[in-house]
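Scroll down for the structure; my scribbles are underneath it.
Below, each value reflects all heavy atoms present in this structure, side chains not excepted, and no hydrogens, waters or symmetry copies. Counting convention: from 1, in listed order, for ligands and their atoms alike. Keep in mind the model is a prediction, meaning the values are calculated, not measured.
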Amino acid sequence: MARLRVGVLISGRGSNLQALIDAAADPAYPAEIVLVISNLPEALGLQRAAQAGIARQIIAEPDRTVFATAAETALRQSGVELVALAGFMRLLDTSFVEAWRDRMVNIHPSLLPAFPGLHPQRQALAAGVRFSGCTVHFVRAEIDTGPIIAQAVVPVHDDDDQDSLAARILAAEHRLYPLAVRLYAEGRLRIEGNRVIVAGGMPPDIAALNPLEALASGRG
Ligand code: GAR
């Protein structure tokens, strides 16, 4: 069966991109990464894409509308069906967001709607929460909003600083993002207002990222 064609937008390190590349290395994974776009030429993620033999495009364009037009052209030329934002740190033009409505996802290192925007780990520490985590969601015009596909929870420890918390969340991101993209690729997501309904329920591998959910999944 044809795999879903995914275009990934990055700005930096690209460790989430790497997690998607690694998942797609399995031919049984229902999606493949066909294009990586970066707004920064020095993004480390570009090297990861090169190593995996994936087409790359640098669009170092400060104007949001010009960036969107160039990205749109590249995505269309590569036959991209789903856009995955992976550490893409620029605001997207609203018409681009609308054009990809329900076909563009993002990962964010907090349990949205808590702590959107920059430095979510710092925000979590400042708020004193005991748990944080990461969220994969469909993208809407307002930053870090949109119907939530899946979340993974991690504890916040008393001796955490931003780096240690970010590292714990990042490890969860690397597991969650490929699983969430797989659900999309399998056509199992239905959006109802702000909610995302997963056909067949949340699969055990995502539930396992959240121990309480895993416990509750025996409830029948
Ligand atoms: C990740 O933690 C991702 O969730 C975050 O940037 C990091 C990128 O790391 N994204 C956002 O904050 C978007 N609002 P990576 O380049 O190694 O994947």
Side-chain angles (χ1 to χ4, degrees), residues 6-25 31 33 35-52 54 56-60 64 67 71 82-94 96-97 100 104-127 129 131-156 160-181 206 209:
V6 179
V8 182
L9 268 59
I10 62 165
S11 297
R13 180 177 55 183
S15 69
N16 277 292
L17 165 66
Q18 189 67 56
L20 293 171
I21 290 173
D22 293 347
I33 318 297
L35 176 67
V36 171
I37 296 177
S38 175
N39 63 310
L40 296 176
E42 67 274 17
L44 178 63
L46 286 168
Q47 293 173 35
R48 299 178 189 271
Q51 260 159 28
I54 297 168
R56 286 146 291 145
Q57 177 119 9
I58 297 163
I59 308 177
R64 219 181 282 175
F67 177 91
L82 174 73
V83 172
L85 306 181
F88 182 71
M89 301 311 275
R90 277 195 55 191
L91 287 177
L92 285 162
D93 186 76
T94 32
F96 183 88
V97 174
W100 288 91
M104 177 155 62
V105 294
N106 179 44
I107 187 156
H108 182 78
S110 75
L111 295 174
L112 291 172
F115 318 135
L118 291 176
H119 309 301
Q121 301 91 348
R122 188 195 296 170
Q123 295 182 56
L125 291 172
V129 293
F131 293 92
S132 189
C134 54
T135 303
V136 178
H137 63 98
F138 286 105
V139 175
R140 295 292 183 260
E142 207 176 316
I143 189 159
D144 299 324
T145 66
I148 290 170
I149 299 168
Q151 294 182 305
V153 178
V154 306
V156 180
D160 268 333
D161 59 16
Q162 264 192 78
D163 288 344
S164 61
L165 179 58
R168 194 173 308 118
I169 294 173
L170 194 65
E173 293 184 49
H174 296 161
R175 294 173 67 182
L176 187 69
Y177 212 1
L179 296 175
V181 167
I206 294 186
L209 295 177

What do the steps show when you test R56 against S38 for side chain to side chain contact (heavy atoms under 4.5 Å, CB included), and what is the final call?
CA-CA 8 Å; R56 286 146 291 145; S38 175; over 6 Å; no

N/O donor-acceptor pairs under 3.5 Å from side chains in residues 42-51, not counting sequence neighbours:
residue : atom : partner : partner atom : Å
R48     : NE   : R13     : O            : 2.7
R48     : NE   : G14     : O            : 3.2
R48     : NH1  : Q18     : OE1          : 3.4
R48     : NH2  : R13     : O            : 3.3

Using the benzene-type ring in the case of Trp, are the ring centres of F96 and F88 under 6.0 Å apart?
no

Given Y177, which partner from the list L17, I149, V105 fulfils the side chain to side chain contact (heavy atoms under 4.5 Å, CB included) test?
V105

Mind checking what residues have non-hydrogen atoms under 4.0 angstrom from ligand 1?
R13, G14, S15, N16, G87, M89, I107, H108, P109, D144, L170, E173

Residues in salt bridge (charged side-chain N to carboxylate O under 4.0 Å, His left out) with R175, at least two apart?
none

S11: partners by side chain to side chain donor-acceptor pair (under 3.5 Å), with sequence neighbours left out
N39

